[in-house]
Amino acid sequence: MQIREVEITHRLGLHARACARIVQLASRFRCNVALVCRRRRASARNIVEMMLLAGAFGSTVRVETDGPDESAAMAAIVGLLHDGLGAPA
Amino acid sequence: MVSFALHGVGVSAGVAIGRAQLISHATLEVAHYAITAKQVPAEIERFQLAVSEVQHELETLHSAMTGGDVPGEFGAFLDVHWMILNDPTLSEAPKKIIAEQHCNAEWALTQQMGVLVEQFEQIEDSYLRERKNDVVQVGERVLKRLMGRPGTLPPTKAEEQTILVAHDLSPADVIQFKHHHYGAFLTDLGGVTSHTAIVARSLNVPAVVATHNARQLIRDGELLIVDGTNHVVIVNPDRAVLSEYRLKQNELDLARQKLKRLRTKAAETIDGVRVELQANIELPDDLEQALANGATGIGLFRSEFLFLNRDGLPSEDEQFEAYRAVADGMAGKPVTIRTFDLGADKHKEGLEGLSRVAPNPALGLRAVRFCLAEPRLFLTQLRAILRASHYGNVQILIPMLASVSEIDQTLAMLAQAKETLREQGVPFNAGVAVGGMIEIPAAVLAMDAFLKRLDFLSIGTNDLIQYTLAVDRADEAVSHLYDPLHPAVMRLLSLAIGTATKAKVPIAVCGEMAGEVLLTRLLLGMGLTNFSMHPTHLLAVKQRVLQSDAGAARAVVERIRRADEPRKVLALLQKLNA
């Protein structure tokens with residue numbers, strides 16, 4: 001299992017479309033991907049859980065990947081989070 | 001089970017005994033009913049089908065968007081909705097609820113949406129919190145699908161009536177319920193003038209509103225007695241109370257049976273004044289009830305109901321068929337078709353002029369104003385009515401006229417519609433009578449211009465009172481100020497009826513006042529001889545007419561017209577009814 005902490009730098013936080021992109025990205029990997037924010041946990045395959053994480057601007061999110069391609073998945077997810085989750089909504 | 005009583009405002013008299021059916025107060029009114037263990041797999045399948053259909057709907061929308069010059073974010077938005085739909089919290093959890101609670105799919109989904117919304121509500125960040133709307137919108141799409149295809153209808157036993165218990169009812173809800181034959185209505189909100197009240201009275205079904213928390217205290221399937229006359233609801237009544245109420249109900253039924261014998265009798269006062277008692281209808285299906293209650297014509301066909309609860313606008317042919325069916329069915333008796341009275345309280349999605357929120361809908365773009373602003377829609381309707389005029393005694397009634405220019409524009413549109421039909425060789429009655437609704441005080445005070453241009457008039461008392469007193473009767477905070485007996489209303493009514501009668505232009509009353517037996521003598525005394533009302537009131541009003549002396553009423557009404565206080569009006573009215 002791999003664990004990394006990432007700060008949300010997008011002005012709108014983990015907004016709906018950002019969540020959608022994370023879910024789409026996570027679905028390309030075979031490992032489990034989960035995000036944890038303020039003790040709330042969400043599977044990255046589940047958009048409603050992700051939206052309920054309510055990762056606001058400036059908050060820290062813990063990314064966990066666990067499975068055969070966990071390193072590649074971690075790199076991809078962290079990359080997306082660092083990229084500022086795409087264009088500002 | 002504990003027996004208890006709830007107090008509210010009885011807005012429609014009578015007694016009903018039956019089982020509660022709860023309707024949730026979500027944006028969409030959702031029925032809640034129990035299903036048997038055997039029905040669970042079918043119910044889950046029904047839910048799954050609805051989800052699949054919405055999935056398809058979103059995919060179709062998405063593919064329609066790619067290619068055109070639609071901004072990419074619309075597609076992304078649909079993606080989000082598609083993903084939410086496929087999220088097990090929305091697409092799987094309700095199935096579990098159906099299986100565990102043995103409830104219908106709509107209710108299971110509504111509950112799950114409630115759980116999710118509650119979680120969203122706890123989010124601090126306001127932007128992220130508002131994303132709950134995406135979840136709600138997706139959920140509602142599925143709900144709409146489910147409700148469009150009711151699978152297992154709520155179980156009702158033939159010998160037991162169902163009593164609708166809701167937070168509040170909208171006009172669109174109510175039209176859906178029309179065919180359900182509820183025994184009574186019970187709502188948390190509302191007042192004497194709310195939609196629930198108006199509909200309950202028109203269906204002649206007891207109703208108690210403003211119970212505040214009936215929806216929470218009453219459980220699905222509980223036995224209820226609704227006593228609309230005494231403003232009370234008894235939940236889980238004991239045997240003694242139940243038998244007492246059964247007796248009361250029998251007496252009421254007996255009185256109703258007696259009235260039925262009056263069906264074919266002509267309505268004439270003691271002093272020989274012949275009175276037309278006509279019916280207000282909403283859909284061609286209502287014709288049967290109108291005839292069963294001895295209507296001598298259709299005084300008001302509310303054509304806008306052809307619009308409600310459907311997608312898209314009714315075509316000219318569709319409208320023509322509806323109008324012709326009524327004209328045919330009345331076999332030569334007058335059929336007064338009111339052109340679309342859309343707007344204000346009757347919303348219709350998909351009509352551009354109405355989708356915007358008017359700052360003051362009752363004073364905004366509605367009824368004839370809306371029709372004149374949408375000439376194509378109006379012409380289509382006028383053509384349909386004209387075509388139907390070939391098949392019976394059809395009249396056209398224009399709602400909410402205030403000024404001469406509106407009458408002239410409407411008549412010009414009618415002339416145009418006639419011209420197009422003539423060119424196409426389609427038959428119609430060239431001399432079709434055109435009348436105007438008198439609902440705005442301005443129309444009463446400047447009636448001369450109306451009398452010159454129109455063939456007949458019809459007073460819509462509900463709106464006339466609302467506009468005279470500046471009271472929105474649907475607004476609980478001011479509805480107590482809505483007073484049909486206000487001296488100003490008395491004077492306007494009497495002025496309108498008197499002016500038209502003097503000019504020999506037929507005038508009718510088609511508002512709620514026409515169907516109220518306590519006001520029958522008042523209106524007769526003002527000189528009214530044409531009443532149009534919901535069919536359920538026809539026989540009771542006829543009975544009243546048969547027992548009235550119009551000449552004697554006139555003398556009392558003359559004093560009512562001069563009364564300056566509601567208290568005095570009321571005292572004189574009691575004298576009139578004694």
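First the proteins, then the strands, lettered A, B, ... as listed; each starts at 1.
In the displayed structure, Glu121(B) atom CD is contacted under 6.0 Å by more than 12 heavy atoms of other residues, nucleotides or ligands. At most 12 heavy atoms of other shown residues, nucleotides or ligands fall within 6.0 angstrom of atom CD in Glu45(B).
Shown here for Asp134(B) and Ala16(A), the closest heavy-atom pair between the two residues is OD2-CB, 4.0 Å. Nearest heavy-atom pair, Met83(B) versus Gln24(A), reported as atom, atom and distance to 0.1 Å: CE-N, 3.9 Å.
Under the side-chain contact (heavy atoms from CB on, under 4.5 Å) rule, Ile47(A) has a single partner from Thr89(B), Asn86(B), Leu85(B), Asp87(B), which is Asp87(B).
Between Met51(A) and Gln119(B), the closest side-chain pair of non-hydrogen atoms is not below 4.5 Å.
Interatomic distance, Leu128(B) CG to Ser59(A) OG, rounded to the nearest 0.5 Å: 8.5 Å.
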